[in-house]
Undergrad: 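Dropping the structure in here first, questions after.
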Amino acid sequence: MLKTIYQGKELKQCPECGSDRLVKDFYRAEISCAHCGLVLDEELLDSGPDWRSSDTEPSNARAGPPSTLMIHDKGLSTVIDWKNKDIYGKDLSPHRRAQIYRMRKWQSRIRISDALERNLVFALSEIERLSSSLKLPKNIREVAALLYRQVLEKRINKNKTTEGLVAACVYAACRQLKIPRTLDEIEEQSRVDKKEIGRSYRFIMMGLGMKLPLSNPAEYVSRFASQLGLSGSVQTRAISMLEEALQRGLPSGRSPMGLTAAALYLASILENEKRTQRDISEVVKVTEVTVRNRYKELQDTLGIDIKD
DNA sequence: AAGACGAAAGTGGTTGA
DNA sequence: TCAACAACTTTCGTCTT
């Protein structure tokens with residue numbers, strides 16, 4: 001397992017708020033707190049085996065299962081042919097025939113479980129690849145893998161692409177563990193498009209009878225803020241504005257991203273670290289127009305006026 | 001010249017008959 | 001299954017700093 005070493009000591013809880021939802025970000029070698037957004041950026045050490053920093057090489061070069069697992073028999077499987085003849089072309093005795101019949105039956109059964117197995121092996125390596133390029137912590141992978149096994153169990157995967165389902169599992173795991181990644185970000189690393197991922201996601205939720213709460217805009221604040229180089233006070237401000245707006249019942253039916261962007265924009269102005277609407281819209285991946293609309297609404301509901 | 005603003009038309013997804 | 005609808009995007013002209 002990975003240990004979080006900070007200033008020589010193992011860190012289990014956020015020094016700021018005490019939350020244990022610490023996120024390790026190997027890309028920037030940072031630890032951040034998923035709860036309050038505090039970012040610690042020193043000496044993130046990795047004491048676990050088998051991790052390659054994926055900074056320098058494409059992340060799909062990551063160590064997966066041995067390749068012999070991917071093609072479990074290396075393409076050399078034996079097939080019992082359908083003719084009831086022996087190798088000399090003679091008919092088989094009834095006893096022999098029955099024996100061969102049973103063997104065929106077993107072989108086809110084994111094939112089915114092979115297919116499932118192979119699917120799972122591929123899916124698991126894909127989960128690994130995806131979450132590794134998304135710099136996701138390990139527990140996400142486990143949750144995603146578990147979800148995928150359930151998908152197979154309930155046969156939700158019928159007529160659907162494995163890649164779409166895998167991406168959806170990863171997305172769902174992120175939502176569940178409140179380590180927010182947007183659909184856009186997952187799409188970037190996956191070979192399937194947003195539409196497909198979203199569809200698979202809904203199938204899974206329906207099939208497993210799950211329901212995940214809408215993602216909370218505040219969860220995204222710290223990550224986007226750090227991408228924009230905004231200070232902690234801006235983050236805190238943005239989060240508290242979001243919370244207040246939420247209490248006043250603003251964000252009904254609005255996309256979380258738009259709200260996050262708006263809150264960041266407002267907070268950046270209020271804290272004198274102004275970013276342009278464009279800067280923010282680029283990072284958050286919504287349009288300037290949406291930023292504008294949302295932040296107007298935010299202003300209205302909160303009764304804030306910016307002029308100084 | 002860059003940023004902010006808002007109108008108008010277009011897009012993709014949801015919902016309800 | 002289809003049409004109405006809300007949220008969001010694209011595009012573009014205008015105003016402000």
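Since the structure is predicted, the reported quantities are computational estimates derived from the model, not experimental observations. Proteins come first, then strands; the chains are lettered A, B, ... in the order of their sequence lines, and each starts at number 1.
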Undergrad: Can you list the steps and then say if A:Ser231 with A:Glu273 is a side chain to side chain donor-acceptor pair (under 3.5 Å)?
TA: CA-CA 8 Å; A:Ser231 75; A:Glu273 291 181 43; 2.5 Å; yes
Undergrad: Taking NZ, NE, NH1 and NH2 as the nitrogens, is one of them in A:Lys195 or A:Glu187 under 4.0 Å from a carboxylate oxygen of the other?
TA: no
Undergrad: Go through DNA chain B in 5' to 3' direction and return only the first and the last nucleotide with some atom under 4.0 Å of chain A's heavy atoms.
TA: B:dG3 to B:dT14
Undergrad: Quick one: on DNA chain B, does A:Lys195 or A:Gln277 contact a more 5' nucleotide (nearest heavy atom)?
TA: A:Gln277
Undergrad: Starting from the 5' end of DNA chain B, give me the residue, A:Thr276 or A:Val289, whose nearest nucleotide shows up first.
TA: A:Thr276
Undergrad: Would you check, one step at a time, whether the test salt bridge (charged side-chain N to carboxylate O under 4.0 Å, His left out) holds for A:Glu196 with A:Arg191?
TA: CA-CA 10 Å; A:Glu196 170 107 22; A:Arg191 277 179 283 267; over 6 Å; no
Undergrad: With rounding to the nearest 0.5 angstrom, report the OH to CG distance, A:Tyr201 to A:Leu147.
TA: 9.5 Å
Undergrad: Apply salt bridge (charged side-chain N to carboxylate O under 4.0 Å, His left out) to A:Glu188 and A:Arg181, showing your working.
TA: CA-CA 11 Å; A:Glu188 254 174 50; A:Arg181 289 294 183 276; over 6 Å; no
Undergrad: May I have the step-by-step check of side chain to side chain donor-acceptor pair (under 3.5 Å) for A:Glu128 and A:Ser125, ending in yes or no?
TA: CA-CA 5 Å; A:Glu128 192 59 33; A:Ser125 78; over 6 Å; no
Undergrad: Roughly how far apart are A:Glu126 CD and A:Leu120 CG, rounded to 0.5 Å?
TA: 13.0 Å
Undergrad: Does this structure show an ion pair linking A:Arg275 with A:Glu282, if we count only N-O contacts that are shorter than 4.0 Å?
TA: no
Undergrad: Within residues 198-208 of chain A, find the residues that approach DNA chain C with a heavy atom at under 4.0 Å, and present them sorted by residue number.
TA: none
Undergrad: Contact class for A:Lys296 (heavy atom, under 4.0 Å): base, sugar-phosphate, or nothing?
TA: sugar-phosphate
Undergrad: Go ahead and name the base partner of B:dT14; Watson-Crick or wobble counts if both distances stay under 3.5 Å, otherwise write none.
TA: C:dA4
Undergrad: Please give, in whole Å, the distance from C:dT10 P to A:Glu282 CD?
TA: 12 Å
Undergrad: To the nearest angstrom, how far is A:Arg292 atom CZ from C:dT14 atom P?
TA: 16 Å
